[in-house]
Amino acid sequence: MAVKYDFKSVEQKWQDYWYGERVFEVKEDPSKPKFYGLIEFPYPSGAGLHVGHIRAFSSMEVIARKKRLEGYNVLFPIGYDAFGLPTENYAMQTKQHPRKVTDENIAKFTAQLKKVGYSFDWSRVVDTTDPDYYKWTQWIFLQMFKRGLAYKATTTVNFCPKCKVVLANEESQGGVCDRCGTEVVQKEKDVWFLKIRNYAERLLTGLEKVNFPERIKTEQQNWIGKSQGADVTFKVKVAGTEYPLVVYTTRPDTIYGATFLVVSPEHPLLKEYASSIVNAEEVAAYQAQAKLKKEFDRVQVNKDKTGIKVEGMVAVNPITGTEIPIFTADYVMMDYGTGAIMAVPAHDKRDWDFAKKYDLPIIEVIKSDVDVQVEPYCAKEGAGIMVNSGFLNGLTVKPAIAKMIEYMEKAGIGKAKTDYKMKDWAFNRQRYWGEPIPIINCPHCGQVAVPESELPLRLPDLEDFTPTDDGTSPLSKCTDWVNTTCPICGAKATRETDTMPQWAGSSWYFLRYESPRDGEHAVNPDAYAYWGQVDWYNGGMEHVTRHLIYSRFWNQFLYDIGAVSHEEPYLRRSAQGLILGADGEKMSKSRGNVVNPDDVVKQYGADVLRMFILFIGDYEKPAPWSAEGIKGCNRFLARYWNAQDLIASGKVDTSDLNLDALVKKVSDDYEACKFNTAIAAIMTALNTIYARGKTTREELNTVSLLLYPVAPHVTSELYSIINNGAYVDKAKFPSYDESKLVAETVEIPVQVMGKLKERVTVPAGSDEAAVMEAVKATGVLDGKTVIKVIYVPDKIINIVAK
RNA sequence: GCGGCCGUGGCGGAAUAGGCAGACGCGUACGUUUGAGGGGCGUAUGGGAGACCGUAUGGGUUCAAGUCCCAUCGGCCGCACCA
């Protein structure tokens, strides 16, 4: 009898071996094919590891362990995304330095991850807060700055009054702060931007080259938000002159139905000609109100259209020559298109609402059954024939758009334009715990890059890094550091005191892993030539429109400057679903439904935790934790352990378990992230072995190897015991014989009129006549006339009979 | 409003390309083992006494529908006054 499995000592034994012998540390080896598997490096929060991390990391862990057994040289690195607000806030609360807090948290995470037995290459750890790392983050920023891709501008930005920090659009989705949920306010600030919009088109087309799940591609496409249309110039008669007002429209074909223009309350036209506006006071009041509204009423959706007519100016429709009124309304945004639209109320819901409210004419230009005076007809592209539209009459929408653009371009009143919803990336934060932006402000030379030889530009040690209410960075208090000289002219100058957002360090860490200690390059060219692109990247859906776009952008930029040789960083992406609390709700401290992986490891061991998190359900879908369900995995591993007692000395008939089919099933399922069904298949196999009551060493070895990526400790131990101390991680992953996948005989369900009536067992590959012979023998067709037979070989037979 | 996803036992979930619905696990019941059990082992477990009925609801296509089509109801996620 095997001794009772003691997970504590066995897991410790194998972890000592893996980490002590540096089993998973790799070097470039041209004799082997490489595989680069990546997981999103964690933010080392004080709360420690979460079961969500276990799910996120365990998929690549399985793949990495499997690929090693298949002969790949596997790079499976780990690091820490350690700059950021929670650490800084915690440090302030507890009056410690963020450096100290970060180091403690990293040490805690490292210990926890090792207890789970992950096969990371611990020699390659990167820490974004390490000056040797952020030196290169700053270097990349400077390369962008030198090429005009980083610029400073004064704009209205999203500002979180609680975190006291400027937020990128991506961090303030829905008008609330990503981190604390506080409503975001608009603030005029000097802001550093990265010109991610320059890469919008390539970020779109690049998606065609990579293997990402459709939902991720769709989300990124929506986020980038490409639209094709035209800029059209309307002449505005004001103050005795003609002001060219450019509107952006995706539907230039409907211009005959444009009965008014609407400009955003922030539009420069209103500022420039304020003195010519007859109802200037009213307009000014509306502008003020719109600004307030932005700050306080963002949550309200589909609110009533409001607006006000701008008296004292009138626009001329460039196609019809008709004079039409101009309105200002807050449903037109300054930061999209040109901040001005032509309103076609007959065919746009918002314009229609507005026209009804202010009693403006509605002209139908696309024929339909609906009466546009009663409701708008919002034609999808191609639906409908143009009417009341001069030379476009009779055309369908698509050709009408093309013809109108052609006409406008010839006449010089408009031109085709592609626009994107995605905004440039607001790149500075007024906080301490981030990479200093390596720029010096010189009164003579303007913004000057810190010389590369002076990188890293280190964060100065500060006593007090509390952010200020007015939004200036705590670094500004450190005058010794701020005051410097201009590297160009030598004059007294000051340093930029804002820091980079947390997204900076994570935008290129996957490249640093390839040569983490290189002092000469961000990415060592030789290392990159070997490891290249990430073969498979797993992470969360919440990063799809942030980190996953930002890092693609940085990689494309690095490609442009020749630092890397692939445009796309990730060949394949997968995404795990959330682990919910047992109550089906998102895990949170306040709900009290948080599961701590440490507790699970203590109670059941790492193998059980790893196995259950993968068995819990569809990997990509959310799944509730179950304290009961995990027992099943615990039982299974105990049964697996005890199966060593079933190894029989004599000959064993193992034909009831098709190992080739099992190997294929498990192998394919792992590669497809279907860990739950892979594990189920291994469970079924073990059930078969137990039902039979005996097994062979070979059979159990195959099961061990299949199970090893999921539960490496217990399989390593059992494999060692039954194979005279051999190491499972030095074995080969089992392969299968394609010709042995089908059994010799198959059981064929027999349907009569589509209803299951019988089953017959026939040799595999039997033809219809042979199967019918067997069916007749069962008697189900007695007294019936066969009309038609549908036979799917080796699958099913259906007989239509009277 | 737009885009995407999804509704299967008491529960988590299976079902390759239209071909045996409910794999695997949990839970439950009964039996058994043990000095004892919140342990091990065994059997059963969608509903119905039954022919049969069953994948949110109603229609349709097909020899055959959880899977395809149309409509309705419900849920989730992303974007959101995007011109």
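Chain letters run A, B, ... following the sequence lines, proteins first and then strands; every chain starts at 1.
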*Just checking A:S626: base, sugar-phosphate only, or nothing, at a heavy-atom cut-off of under 4.0 Å?*
nothing

A:M611 atom CE is separated from B:rC24 atom P, nearest whole Å, by 14 Å

Side-chain N or O of A:Y248 closer than 4.0 Å to phosphate OP1/OP2 of B:rA83: no

note: A:E620, atom CD; B:rC77, atom P; distance rounded to Å ~ 17 Å

- prompt: Will you find, in the side chains of A:T677 and A:D669, an N or O donor that is under 3.5 Å from an N or O acceptor?
  reply: yes

Per atom distances to the A:R635 side chain, the nearest of B:rC20, B:rA83, B:rG40 is B:rG40

Looking only at B:rG12, B:rG39, B:rA14, the nucleotide nearest the A:F615 side chain is B:rG12

(message) When you compare the side chains of A:E628 and A:S626, does any donor N or O come within less than 3.5 Å of an acceptor on the partner?
(response) no

Using atom P of each nucleotide, how far apart are B:rG59 and B:rC77 to the nearest Å? 32 Å

Are A:Y358 and A:F260 near enough that their ring centres are under 6.0 Å apart? no

One should read off an interatomic distance between A:M386 CE and A:E364 CD, to the nearest 0.5 angstrom, of 10.0 Å

Side chains of A:D599 and A:Y604, donor plus acceptor under 3.5 Å: no

Rounded to whole Å, CD of A:E628 lies from C1' of B:rG10 at a distance of 13 Å

Self-check item: Exercise: do A:E40 and A:H547 side chains pair donor with acceptor under 3.5 Å
Solution: no

Worksheet item: Rounding to the closest angstrom, what is the interatomic distance between B:rU57 and B:rG10 at atom P?
Response: 13 Å

Of A:A681 and A:P622, the one whose nearest nucleotide on RNA chain B sits closer to the 5' end is A:P622

Item to complete: Decide yes or no on side chain to side chain donor-acceptor pair (under 3.5 Å) for A:Y690 and A:T695, but give the supporting numbers first.
Response: CA-CA 8 Å; A:Y690 266 88; A:T695 184; over 6 Å; no

Margin query: Assess, by modelled atom type and distance only, whether the side chains of A:D656 and A:T688 contain a donor and an acceptor separated by less than 3.5 Å.
Written below: no

Given Watson-Crick and G-U pairs under 3.5 Å, RNA chain B in dot-bracket ([ ] crossing, | other strand) is (((((((..(((......[....)))(((((((.....)))))))((....))..(((((..]....))))))))))))....

From CG of A:L614 across to P of B:rG25 the rounded distance in Å is 17 Å

Out of B:rA83, B:rG19, B:rC26, minimum distance to the side chain of A:K795 belongs to B:rG19

When rounded to whole Å, the CD1 to P distance for the pair A:I679 and B:rC26 reads 13 Å

Interatomic distance, CG@A:L657 vs OG1@A:T702, rounded to 0.5 Å, equals 9.0 Å

Of the listed B:rG19, B:rC26, B:rG13, the closest approach to the A:P624 side chain comes from B:rG13

| request: Could you give the distance separating B:rA56 and B:rU43 at their P atoms, to the nearest angstrom? | output: 32 Å

Atom NZ of A:K4 and atom P of B:rG40 are separated, to the nearest Å, by 10 Å

Distance between the C1' atoms of B:rG22 and B:rC11, in whole angstroms?
13 Å

**Q.** N or O in side chain of A:R639 less than 4.0 angstrom from B:rG39 OP1/OP2
**A.** no

Of B:rG27, B:rA23, B:rA83, the nucleotide closest to the side chain of A:K631 is B:rG27

Against the side chain of A:N222, the closest entry in B:rA80, B:rA14, B:rG3 is B:rG3

From CH2 of A:W641 across to C1' of B:rG39 the rounded distance in Å is 19 Å

Sub-3.5 Å pairs of nitrogen or oxygen atoms, protein against nucleotides 61-63 of chain B:
from, atom 1, to, atom 2, distance (Å)
B:rC63, O2', A:N798, ND2, 3.1
B:rC63, O2, A:N798, ND2, 2.5

Quiz item: How about A:Y619 and A:S574: does a side-chain donor come under 3.5 Å of a side-chain acceptor?
Solution: no

> Hey, does A:N676 reach any base, or is it just sugar-phosphate, or nothing, if we go heavy atoms under 4.0 Å?
Replying inline: sugar-phosphate

A:D353 atom CG is separated from B:rG1 atom C1', nearest whole Å, by 11 Å

> Hey, does A:D618 reach any base, or is it just sugar-phosphate, or nothing, if we go heavy atoms under 4.0 Å?
Replying inline: sugar-phosphate

- request: Would you mind classifying the nucleic acid contact of A:K757 as base, sugar-phosphate or nothing, using non-hydrogen atoms under 4.0 angstrom?
  value: sugar-phosphate

Out of B:rC24, B:rG3, B:rG27, minimum distance to the side chain of A:M683 belongs to B:rC24

The glycosidic conformation of B:rG40, counting syn as within 90° of 0 and anti otherwise, is anti

Is atom NZ of A:K226 surrounded by more than 12 heavy atoms (other residues, nucleotides or ligands) closer than 6.0 Å? yes

Count the heavy atoms of every other residue, nucleotide or ligand shown that sit under 6.0 Å from NZ of A:K357, and state whether that count exceeds 12.
yes

Query raised in the report: If the P atom of B:rC70 is compared with that of B:rG25, how far apart are they to the nearest Å?
Result: 39 Å

(Q) Between B:rG9 and B:rG47, how many Å separate the two P atoms, rounded to a whole number? (A) 12 Å

- Message: Say we look at B:rG58 and B:rC63: how far apart would their C1' atoms be, to the nearest angstrom?
- Response: 24 Å

Per the under-4.0 Å heavy-atom filter, residues of residues 684-694 of chain A near RNA chain B come out as A:T684, A:N687

Rounding to 0.5 Å, atoms CG (A:D794) and OG1 (A:T745) come to a distance of 10.0 Å

Exercise for review: Using the P atoms only, state how far B:rG54 lies from B:rA65, rounded to an integer number of Å.
Suggested key: 11 Å

Is there a side-chain contact between A:V62 and A:L614 in this structure, where contact means two heavy atoms from C-beta onward sitting under 4.5 Å apart? yes

The nucleotide from B:rG27, B:rC81, B:rG19 with an atom nearest the side chain of A:I796 is B:rG19

- Task: Just call it for A:V262: base, sugar-phosphate, or nothing, with non-hydrogen atoms closer than 4.0 Å on any strand.
- Result: nothing

For the aromatic rings, using the six-membered ring if either is Trp, is the centroid distance between A:F612 and A:W625 under 6.0 Å?
yes

*asked:* Please classify the nucleic acid contact of A:K664 as base, sugar-phosphate, or nothing, using heavy-atom distances under 4.0 Å.
replied: nothing

B:rC77 phosphate, OP1 or OP2, under 4.0 Å from A:R215 side-chain N/O: no

By nearest-heavy-atom nucleotide on RNA chain B, the more 5' of A:L756 and A:G225 is A:L756

Could you check whether A:K755 gets within reach of a base, just the sugar-phosphate, or nothing at all, counting any heavy atom under 4.0 Å? sugar-phosphate

